[in-house]
A.B. asks: 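Mind looking over this structure? Questions follow.
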Amino acid sequence: MRKIDRTGFLPVSKTDLEEDGIRQPDFVYVCGDAYVDHPSFGSAIIGRVLQAHGYTVGMICQPDWRDPGSICILGEPRLGFLVSSGNMDSMVNHYTVAKKHRKNDAYSPGGKMGFRPDRAVTVYCNLIRRIYRRTPIIIGGIEASLRRFAHYDYWSDKVRRSILLESGADLISYGMGEKSIVEIADALDAGIPVHDITYIDGTVYKTREEESIYDAVRLPDFEEVSTDRTRCAQSVRLQYDNTDPFQAKRLYETYGGKTFVVQNPPQKPLTTIEMDDIFALPYMRRSHPMYDAMGGIPALKEVRFSLTSNRGCFGGCNFCAITFHEGRIVQARSHESILREAEGFLKDPDFKGYIHDVGGPTAEFRGPACEKQRTKGACRNRQCLFPECCKNLIVDHSDYRKLLRELRMLPGVKKVFVRSGFRFDYLMADPDKSFLKELCQYHVSGQLRVAPEHISDRVLQEMGKPRTEVYRSFVEEFERINRELGLKQYIVPYLMSSHPGSTLEDAVALAEYLRDLGYMPEQVQDFYPTPGTVSTCMYYTGIDPRTMKKVYVAVNPHEKAMQRALIQYRDPDNYELVKEALLRAGRRDLIGFDSHCLIPPRKIVRLSGKGRGESRQREKTQGQDGRGGRRSGANRRTGRNGKRQ
């Protein structure tokens with residue numbers, strides 16, 4: 001076998017351990033992703049952080065879960081196993097919202113599927129327990145973090161137990177994990193038994209001694225949550241009320257009256273210095289060379305020349321798990337740290353002068369929403385941007401604008417793009433529109449992707465998004481600035497169908513908006529009920545946990561298909577679904593040949609002809625675009641866009 005030069009990477013084999021002089025690694029990290037040593041990958045960060053604190057870490061990435069021997073290739077670790085599904089929940093990674101198998105896995109060699117199991121964390125832990133019965137197992141990452149309590153599982157359509165119990169692990173390091181994993185390592189290294197490590201913030205443990213749980217709020221029992229949807233919504237509300245590291249209480253959940261799952265408060269936010277230190281660690285910034293012959297790891301391509309400038313988000317969208325995972329308090333790196341990373345790009349022969357992104361969950365957030373958050377945390381019963389911007393919100397783009405200018409000025413940098421999501425309501429709250437003008441002039445590549453998600457205020461209320469008039473005013477401002485600059489640039493809106501609260505009438509209203517805009521998205525994101533979001537709670541319970549009021553939910557697959565089809569009403573394949581939806585919604589007025597109609601009375605059947613782009617029609621209609629609606633110049637300009645990851 002040809003020897004692979006893995007200089008600088010963490011060891012992945014016994015041979016690597018021997019070359020590094022490691023007789024027994026302190027930790028073995030088992031991960032569902034391929035091994036990519038880049039700070040956009042959680043396994044790389046945790047591995048490097050432990051290494052920086054003097055611990056040795058071996059990597060077992062994508063082991064064969066059908067072979068117990070695959071978990072033994074590095075031997076038994078001195079302190080414990082670390083287990084993660086990778087950068088994505090393994091079920092989201094494997095299945096579409098229609099529960100169909102995806103064809104590709106961007107986190108696996110060559111983008112191929114089949115390198116990890118469903119419910120990867122549980123499977124890996126069970127595999128470890130078959131061989132190493134007493135070795136501590138600490139689980140983390142998105143899959144473990146968002147399933148730390150009883151949770152509705154969309155794929156099995158039931159409430160499942162905490163992943164701590166399902167997996168047989170000893171601890172969960174939830175959230176981003178850099179601080180808690182070092183504290184766990186120090187405790188284990190000091191000889192403290194893993195079942196006695198019950199005091200570290202950012203962790204979840206299990207116990208059979210309720211009297212040992214102090215200063216805590218008891219959540220509804222698992223037996224209640226799994227059978228009573230109202231109690232499930234109440235549990236989610238309590239969990240979201242305790243996500244702030246400055247105010248959160250300890251929470252616990254009971255199973256059968258004998259086992260207790262206890263969540264300690266979240267870790268405090270990282271300081272700028274701590275963030276800088278993490279990103280300054282000696283990452284190789286590439287995938288392990290053992291994957292080169294298989295085509296590498298596709299997920300690296302998008303982030304290889306991108307810059308993470310922040311984490312956390314005070315946007316608070318209900319369908320997003322960031323509040324539950326990263327928190328609402330924004331943490332940011334210094335300009336110096338980001339510029340040093342960018343200067344490193346210039347030494348890479350593959351760098352062509354284009355920085356693909358500068359941002360995080362929300363691109364322009366560079367600090368806490370207000371001064372209070374720095375010392376007292378985020379408000380428990382109020383949002384920063386919803387339903388309107390809080391009067392205490394600090395709206396300031398000057399620091400982000402300065403950062404982008406500094407990056408533009410680096411020798412060898414041709415263009416700095418921003419592809420992280422922008423909060424258009426935050427942009428509009430800034431009376432100084434000079435940042436938006438600079439953004440349009442230097443950082444948009446023809447299309448700016450933003451996420452209005454819907455245009456019905458009723459649906460937006462359930463999403464936790466601003467009213468549609470805010471989005472419309474943003475579009476007007478964007479177009480005005482581009483006219484002044486003499487640029488032809490367009491907004492590509494992200495849209496979501498079937499979110500809780502959305503009825504057929506709301507979906508029809510969205511279709512009419514797209515008709516007036518002259519735009520049809522190439523792809524539509526149907527609401528995906530993933531663990532750890534308020535919207536998923538709404539989907540399962542039919543209750544908004546914020547208000548405990550009932551909310552309409554489209555759960556029938558056929559109705560969901562109709563809502564999705566309405567957004568793409570121009571597609572001939574959607575004709576029957578669109579027609580049925582319009583008739584059900586009492587909107588027969590939108591079926592006809594007038595310019596305001598969505599579809600003609602009769603379906604147009606198109607047959608493939610010879611030659612490029614040729615087609616023949618069996619029936620002719622009077623519609624200018626052949627579908628009973630006028631195709632505007634805006635849609636001709638944008639063409640095939642609106643594709644959603």
Side-chain angles (χ1 to χ4, degrees), residues 27 29 42-43 45-50 52-53 55 79-85 87 121 136-149 151 162-164 167 169-190 192 194-207 213-217 219 238-253 260-271 273-275 277-278 311-313 321-331 361 368 373 376-378 380 531-532:
F27 292 97
Y29 196 128
S43 57
I45 290 180
I46 296 301
R48 292 298 183 183
V49 166
L50 285 170
H53 283 80
Y55 296 100
L79 297 177
F81 281 95
L82 309 177
V83 178
S84 167
S85 68
N87 273 16
V121 169
I137 301 177
I138 299 92
I139 58 178
I142 197 80
E143 184 167 306
S145 183
L146 300 184
R147 297 170 181 267
R148 54 192 187 256
F149 282 123
H151 56 279
S162 164
I163 196 171
L164 190 62
S167 68
D170 297 292
L171 283 174
I172 300 175
S173 170
Y174 72 88
M176 301 306 283
E178 295 98 343
K179 287 186 175 182
S180 58
I181 200 63
V182 173
E183 292 185 40
I184 292 168
D186 289 346
L188 291 170
D189 192 42
I192 299 175
V194 69
H195 56 77
D196 287 337
I197 303 176
T198 61
Y199 54 86
I200 295 174
D201 285 349
T203 63
V204 179
Y205 68 92
K206 55 191 175 185
T207 182
I213 307 168
Y214 60 95
D215 191 24
V217 174
L219 299 174
L238 282 170
Q239 291 175 51
Y240 265 81
D241 282 348
N242 288 277
T243 56
D244 182 79
F246 292 93
Q247 304 177 58
K249 291 284 190 179
R250 187 171 288 101
L251 303 176
Y252 73 103
E253 188 175 63
F260 307 93
V261 172
V262 187
Q263 173 185 294
N264 288 314
Q267 280 280 354
K268 295 294 189 294
L270 295 178
T271 65
I273 292 175
E274 288 171 330
M275 284 273 284
D277 287 345
I278 287 168
R311 68 168 55 160
C313 180
I322 289 175
T323 295
F324 209 50
H325 187 62
E326 294 188 18
R328 290 172 57 191
I329 300 176
V330 172
Q331 305 140 71
Q373 286 189 0
K376 296 183 174 61
R380 178 170 293 184

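Bear in mind the structure is a predicted one, so any value in this text is a computation, not a measurement.
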A.B. asks: Shortest non-hydrogen contact from Gly141 to Ser84?
C.D. replies: CA-OG, 4.0 Å
A.B. asks: Within a strict 4.5 Å, meaning less than it, do heavy atoms of the Tyr205 and Ile172 side chains meet?
C.D. replies: no
A.B. asks: Under a plain distance cut-off of 3.5 Å, with no hydrogens placed, do Ser173 and Thr203 share a side-chain donor-acceptor pair?
C.D. replies: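 Distance-only check fails for Thr203 and Ser173.
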A.B. asks: Would you call Glu274 and Arg311 a salt bridge, using N to O less than 4.0 angstrom?
C.D. replies: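 Salt bridge absent between Glu274 and Arg311.
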A.B. asks: Between Ile329 and Gly377, what is the shortest heavy-atom contact and its length?
C.D. replies: CD1-CA, 4.0 Å
A.B. asks: Do side-chain atoms of Gln267 reach the backbone of Asp201 as a donor and acceptor pair under 3.5 angstrom?
C.D. replies: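 Answer holds: yes.
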A.B. asks: So does Ser145 get a backbone contact from the side chain of Arg148, meaning a donor-acceptor N/O pair under 3.5 Å?
C.D. replies: yes
A.B. asks: Within the 4.5 Å heavy-atom criterion, are Lys179 and Leu270 side-chain neighbours or not?
C.D. replies: yes
A.B. asks: Using the salt bridge (Lys or Arg N to Asp or Glu O under 4.0 Å) rule, take Arg380 and Asp244 through it: C-alpha gap first, then chi angles, then the decisive distance, then the call.
C.D. replies: CA-CA 8 Å; Arg380 178 170 293 184; Asp244 182 79; over 6 Å; no
A.B. asks: If we only count heavy atoms from C-beta on, is the Phe81 to Pro136 side-chain gap below 4.5 Å?
C.D. replies: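 No, side chains not in contact.
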A.B. asks: Which class fits the ring pair Tyr240 and Phe324: parallel under 30°, tilted 30 to 60°, perpendicular over 60°?
C.D. replies: parallel
A.B. asks: Within the structure provided, determine whether Leu219 and Phe149 are in side-chain contact (heavy-atom separation under 4.5 Å).
C.D. replies: yes
A.B. asks: Do Gln263 and Arg250 have side-chain atoms, one donor and one acceptor, less than 3.5 Å apart?
C.D. replies: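 Looking only at side-chain atoms, Arg250 and Gln263 do not form any donor-acceptor pair under 3.5 Å.
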A.B. asks: Over all heavy atoms of both residues, which pair between Ile278 and Val49 is shortest? Give the atoms and the distance, please.
C.D. replies: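 Shortest heavy-atom contact: CG1-CG2, 4.3 Å.
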A.B. asks: With sequence neighbours left out, what residues match Tyr252 under ring-ring contact (aromatic ring centres under 6.0 Å, His included)?
C.D. replies: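 By the ring-ring contact (aromatic ring centres under 6.0 Å, His included) rule, Tyr252 matches no residue at all.
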A.B. asks: Is the CD1 atom of Ile273 crowded by more than 12 outside heavy atoms at less than 6.0 Å?
C.D. replies: no
A.B. asks: Given side chains that start at C-beta, do those of Ile163 and Leu146 come closer than 4.5 Å, heavy atoms only?
C.D. replies: no
A.B. asks: For Phe246, run the side-chain contact (heavy atoms from CB on, under 4.5 Å) check against Gln373, Lys268, Lys376 and tell me which one passes.
C.D. replies: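 With Phe246 as partner, side-chain contact (heavy atoms from CB on, under 4.5 Å) holds for just one option, Lys268.
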A.B. asks: So, is the end of the Lys206 side chain (NZ or CZ) under 6.0 Å from the ring centre of Phe260 and within 45° of the ring's axis?
C.D. replies: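 Relative to the ring axis of Phe260, which defines the angle, Lys206 lies outside at least one limit.
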A.B. asks: Is there a side chain to side chain contact (heavy atoms under 4.5 Å, CB included) between Val262 and Leu251 once you walk through the steps?
C.D. replies: CA-CA 6 Å; Val262 187; Leu251 303 176; over 6 Å; no
A.B. asks: Testing the basics here: between Ile322 and Pro361, what is the closest heavy-atom pair and its distance to 0.1 Å?
C.D. replies: CD1-CB, 3.3 Å
A.B. asks: Applying side chain to side chain contact (heavy atoms under 4.5 Å, CB included), run through Leu79 and Asp189 and close with a yes or a no.
C.D. replies: CA-CA 7 Å; Leu79 297 177; Asp189 192 42; 4.2 Å; yes
A.B. asks: Rounded at 0.5 Å granularity, tell me how far CG in Leu238 sits from CG in Asn242.
C.D. replies: 7.0 Å
A.B. asks: Would you say that Asp170 contacts Ile138 through its side chain, given a criterion of any heavy-atom pair below 4.5 Å between the two side chains?
C.D. replies: no
A.B. asks: Rounded to the nearest 0.5 Å, what separates atom NE2 in His53 from atom CD in Glu178?
C.D. replies: 10.5 Å
A.B. asks: Which atom pair, heavy atoms only, marks the closest approach of Ser167 to Ile139?
C.D. replies: OG-CD1, 3.8 Å
A.B. asks: So which heavy atom on Pro266 is nearest to which on Pro245, and how close?
C.D. replies: O-CB, 3.7 Å
A.B. asks: Step by step, work out the side chain to side chain contact (heavy atoms under 4.5 Å, CB included) result for Glu326 and Gln331.
C.D. replies: CA-CA 10 Å; Glu326 294 188 18; Gln331 305 140 71; 5.9 Å; no
A.B. asks: Taking the side chain as every heavy atom from C-beta outward, state whether Thr207 and Thr198 have any pair of such atoms under 4.5 Å apart.
C.D. replies: no
A.B. asks: Taking atom CG of Leu82 and atom CD1 of Ile137, what is their separation to the nearest 0.5 Å?
C.D. replies: 10.0 Å
A.B. asks: Taking the side chain as every heavy atom from C-beta outward, state whether Ile197 and Leu171 have any atom pair closer than 4.5 Å.
C.D. replies: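 Yes, their side chains come closer than 4.5 Å.
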A.B. asks: Please determine, by modelled atom types, if Tyr55 and Asp186 share a side-chain donor-acceptor pair under 3.5 angstrom.
C.D. replies: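 Judged by distance alone, the side chains do pair up.
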A.B. asks: Run Phe27 and Ile184 through side chain to side chain contact (heavy atoms under 4.5 Å, CB included) and show every step you take.
C.D. replies: CA-CA 11 Å; Phe27 292 97; Ile184 292 168; 5.6 Å; no
